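Data first, discussion second: the structure below is written as structure tokens.
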2 protein chains.
Amino acid sequence: MARTDTRFRQSHNAMLDMLSGMAPGAGLPSEVQLAAQFGVSRTVIRAVVQKLGADGILQGSGRGKRLLRVPKPKDHLPLREDYIGRDELEARFLDWVLRFDVPAGTALNITQLARQFMVPPHALQEFLASLGQSGLIERRPRGGWRLLGFTADYAVELSEFRQVLELNAIRVFTTLPDDHPAWAALASIREEHLDLLQRIEQDFHDFSRLDGRFHALLNSVVRNRFVAEFQKVISLIFHYHYQWDKTMERFRNEAAIREHLTIIAALQARDTGEAKARARAHLATSKETLLTSMRGHQLA
Amino acid sequence: MARTDTRFRQSHNAMLDMLSGMAPGAGLPSEVQLAAQFGVSRTVIRAVVQKLGADGILQGSGRGKRLLRVPKPKDHLPLREDYIGRDELEARFLDWVLRFDVPAGTALNITQLARQFMVPPHALQEFLASLGQSGLIERRPRGGWRLLGFTADYAVELSEFRQVLELNAIRVFTTLPDDHPAWAALASIREEHLDLLQRIEQDFHDFSRLDGRFHALLNSVVRNRFVAEFQKVISLIFHYHYQWDKTMERFRNEAAIREHLTIIAALQARDTGEAKARARAHLATSKETLLTSMRGHQLA
DNA sequence: GCGGTGGTTTTTATCATTAAAGACACCATG
DNA sequence: CATGGTGTCTTTAATGATAAAAACCACCGC
């Protein structure tokens with residue numbers, strides 16, 4: 001088999017479901033209508049109709065198709081639920097790389113990884129290529145891939161780049177007109193910070209997501225596809241590391257919340273210099289956290 | 001045939017060349033030595049030796065291989081010089097997209113493009129995936145690719161991103177210690193600017209390359225793989241557009257040189273604020289040039 | 001014992017196959 | 001005669017198969 005016939009099977013079963021609601025002898029809609037209804041091409045519909053004819057469920061051909069007998073549950077075709085989507089592949093792969101700190105320079109094995117992640121080798125190949133620009137992966141001269149690894153160097157450069165983007169975002173933020181929706185969002189997220197600070201003893205775990213949303217908000221005011229693209233990578237990696245370093249988590253998070261609040265205050269006061277300074281301090285601690293988290297993890 | 005046997009053919013011919021310098025009856029080096037010498041695996045060497053044996057050039061097997069007759073030029077295997085490299089593919093593709101302004105939203109046809117660019121479809125697929133993060137291309141839901149196109153929006157965002165990176169580079173530059181080699185490079189490139197200014201009437205075409213090197217120097221002080229990666233894309237696109245817009249080229253270039261010189265002067269005076277301001281002005285004109293160049297090209 | 005060779009396994013790039021999508025022309029029916 | 005439907009065919013991209021290349025291992029001869 002070449003391409004998977006998932007589409008055919010799904011349409012087949014959907015057609016059975018439709019036919020179940022009809023009386024024997026009733027006529028069918030036209031092929032074009034069926035195709036539009038199921039969101040597939042006419043080719044698929046025709047294949048389904050032909051199979052149903054062979055199975056004795058439909059009778060006649062062309063315009064004169066009629067329902068011969070009501071389909072039974074057994075007529076449904078089983079469909080294999082293999083193959084995960086691209087997003088899940090990304091999550092699983094990063095999880096694998098970051099969690100089991102694969103040593104830098106490891107040669108990656110396409111087929112093995114493809115089996116491991118339950119994707120066709122082809123899809124993995126494409127995924128690795130798309131990761132190429134993130135600097136985590138390198139093409140070997142003659143075939144194959146090499147994992148450059150998530151090294152301390154990488155973390156430092158990532159943090160520095162993040163700082164460049166985020167300081168720029170803050171500069172842009174302070175120049176926004178007062179009626180810009182971002183100001184309302186900022187006030188709202190400030191409330192959330194205060195709220196979480198109140199119940200920090202129990203709910204300090206919630207900070208990771210709040211942190212992600214806060215930084216996303218800051219960067220959202222920069223309408224730039226390149227920034228957005230990098231932001232995705234950055235937040236992903238920081239998010240993953242947050243899940244590890246459990247040391248002092250409660251205190252780290254409380255300190256981070258307070259740092260966020262000083263940034264918010266400076267922004268609301270339209271004090272660019274102060275906001276930048278506060279953000280610099282916050283990003284510096286964030287970078288340190290990332291680095292110590294990595295060191296701790298390498299020992300484990 | 002699955003993989004191309006280019007490697008085999010090259011080794012085969014290289015081996016013939018080596019044998020030409022030997023006398024009939026002479027013994028051969030070991031397989032491992034030959035493999036190391038030609039930079040291929042033993043498998044290839046063994047295949048070559050077997051073929052040469054079948055062709056009556058070598059005799060015996062294993063340790064006892066001897067040269068039977070001196071090979072003739074006709075024994076050389078022809079090797080197909082198809083298939084360009086990855087760098088040339090990148091150049092050709094960008095050239096195609098930027099030059100023939102393909103309308104935004106065009107669906108790309110893998111096989112057709114692969115033929116057009118003389119690469120195996122597989123390689124093109126991987127190339128497109130690697131371009132995914134540059135924002136020029138998008139994966140269609142069910143197979144295929146869509147060219148998002150080099151629109152005015154794209155150019156604006158690219159320019160803005162460039163500005164963020166470059167202003168940061170300038171900030172870093174002014175903090176460099178006096179004995180950093182970048183200062184010498186800066187002085188040297190300043191001389192080149194002055195030199196070109198002298199002979200601007202004839203040689204204004206040389207500016208494009210000088211411009212590229214100037215901006216590369218600025219960014220080189222930021223040791224960051226993400227910056228470097230983006231710098232590649234940016235300089236590529238700006239370089240391509242420089243080749244088009246011939247209107248006022250002589251005057252544009254002279255003005256740009258003078259702008260460069262003011263930036264250099266501010267840097268050498270360690271005046272961060274002034275350098276940033278000058279750079280901002282320069283990048284603004286550069287952006288305008290890019291945009292007008294695009295408008296002009298769309299009319300053509 | 002050591003270097004070399006033969007055989008075998010693993011892995012990756014390409015090829016051939018096939019499902020899906022779309023285009024076109026003809027036919028039936030009002 | 002016009003409109004909508006169907007049959008046939010072409011094009012395209014995903015996938016399984018496959019061969020080349022590299023790596024591994026065990027054995028042999030000196």
Side-chain angles (χ1 to χ4, degrees), chain A residues 1-12 27-36 38-51 60-65 80 82-83 107-115 119-126 128 139-145, chain B residues 1-12 27-36 38-51 60-65 80 82-83 107-115 119-126 128 139-145:
Chain A
M1 192 169 2
R3 282 170 82 139
T4 57
D5 53 357
T6 316
R7 226 127 217 276
F8 168 76
R9 287 163 182 269
Q10 280 175 347
S11 305
H12 183 269
L28 270 77
S30 79
E31 294 182 356
V32 220
Q33 284 175 330
L34 288 171
F38 297 128
V40 296
S41 77
R42 262 187 60 218
T43 313
V44 180
I45 294 297
R46 291 174 57 86
V48 168
V49 166
Q50 193 167 18
K51 166 135 183 66
S61 70
R63 205 167 305 233
K65 296 184 298 288
R80 300 172 306 177
D82 301 354
Y83 292 167
L108 295 179
N109 186 322
I110 292 275
T111 18
Q112 182 190 324
L113 279 181
R115 269 198 300 274
V119 292
H122 196 255
L124 187 70
Q125 184 102 353
E126 191 179 311
L128 289 180
R139 199 96 171 82
R140 275 191 303 174
R142 208 168 31 260
W145 302 82
Chain B
M1 191 172 2
R3 279 168 89 136
T4 58
D5 53 357
T6 315
R7 218 122 224 286
F8 168 76
R9 287 162 182 270
Q10 280 175 346
S11 305
H12 183 270
L28 269 77
S30 79
E31 293 183 355
V32 212
Q33 284 174 331
L34 288 172
F38 296 129
V40 296
S41 80
R42 265 187 58 220
T43 313
V44 180
I45 294 296
R46 301 187 57 188
V48 169
V49 166
Q50 194 167 19
K51 165 137 183 64
S61 70
R63 208 168 302 234
K65 297 185 297 287
R80 302 171 306 176
D82 301 355
Y83 293 167
L108 295 180
N109 185 322
I110 292 275
T111 17
Q112 182 189 322
L113 280 181
R115 270 198 299 276
V119 292
H122 195 256
L124 187 71
Q125 184 101 357
E126 191 179 311
L128 290 180
R139 199 98 171 80
R140 275 189 306 175
R142 209 166 32 261
W145 302 82

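Note that the coordinates shown come from a computational prediction; the quantities given were computed from them, not determined experimentally. A, B, ... follow the sequence lines: proteins, then strands. Residue 1 opens every chain.
Look at CG on B/Leu124: it is 12 Å from P on D/dA14, rounded to the nearest Å. Between the NZ atom of A/Lys65 and the P atom of D/dG5 there is a distance of 10 Å, rounded to whole Å. The CD1 atom of A/Ile45 sits 15 Å away from the C1' atom of C/dG22 (whole-angstrom rounding). For the pair A/Arg46 CZ and D/dT10 P, the computed distance is 15 Å after rounding to whole Å. The nearest whole Å value for the distance from the CG atom in B/Leu34 to the C1' atom in C/dT5 is 13 Å. Residue A/Glu31 contributes atom CD, which lies 14 Å from atom C1' of C/dC27 at whole-angstrom precision. In this entry the distance linking CD of A/Gln125 with C1' of C/dA13 reads 8 Å, nearest Å. Residue B/Arg42 contributes atom CZ, which lies 13 Å from atom P of D/dC24 at whole-angstrom precision.
Which of D/dA22, D/dG7, C/dT5 sits closest to the side chain of B/Arg7 comes down to D/dA22. Proximity note for A/Val44 (side chain, C-beta onward) versus C/dA20, D/dA22, C/dG4: the nearest is C/dA20. Of all nucleotides listed (C/dA21, D/dT6, C/dG7), C/dA21 comes nearest to the side chain of A/Val40. Distances from the side chain of A/Thr43 to the nucleotides C/dA21, D/dA23, C/dG4 place C/dA21 closest. Here the nucleotide nearest the side chain of B/Ser41, chosen from D/dA22, C/dG4, C/dG6, is D/dA22. Among C/dA20, D/dG5, C/dC24, the nucleotide with an atom closest to any side-chain atom of A/Asp5 is C/dA20.
Residue contacts shown for A/Ser30 are limited to sugar-phosphate atoms, with no base heavy atom under 4.0 Å away.
Taking both residues in full, the closest heavy atoms of B/Val40 and B/Arg7 are given as CG1-NH1, 3.5 Å, listed atom of the first, atom of the second, then distance. Annotation for A/Ser11 and A/Val44: closest pair OG-CG1, 3.6 Å, computed over non-hydrogen atoms.
The OG1 atom of B/Thr43 sits 12.0 Å away from the CZ atom of B/Phe8 when rounded to the nearest 0.5 Å.
Residues A/Arg63 and A/Glu31 fail the side-chain proximity criterion, which asks for heavy atoms closer than 4.5 Å.
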Chi angles and distances behind the side-chain contact (heavy atoms from CB on, under 4.5 Å) call for B/Gln10, B/Phe38
CA-CA 9 Å; B/Gln10 280 175 346; B/Phe38 296 129; over 6 Å; no
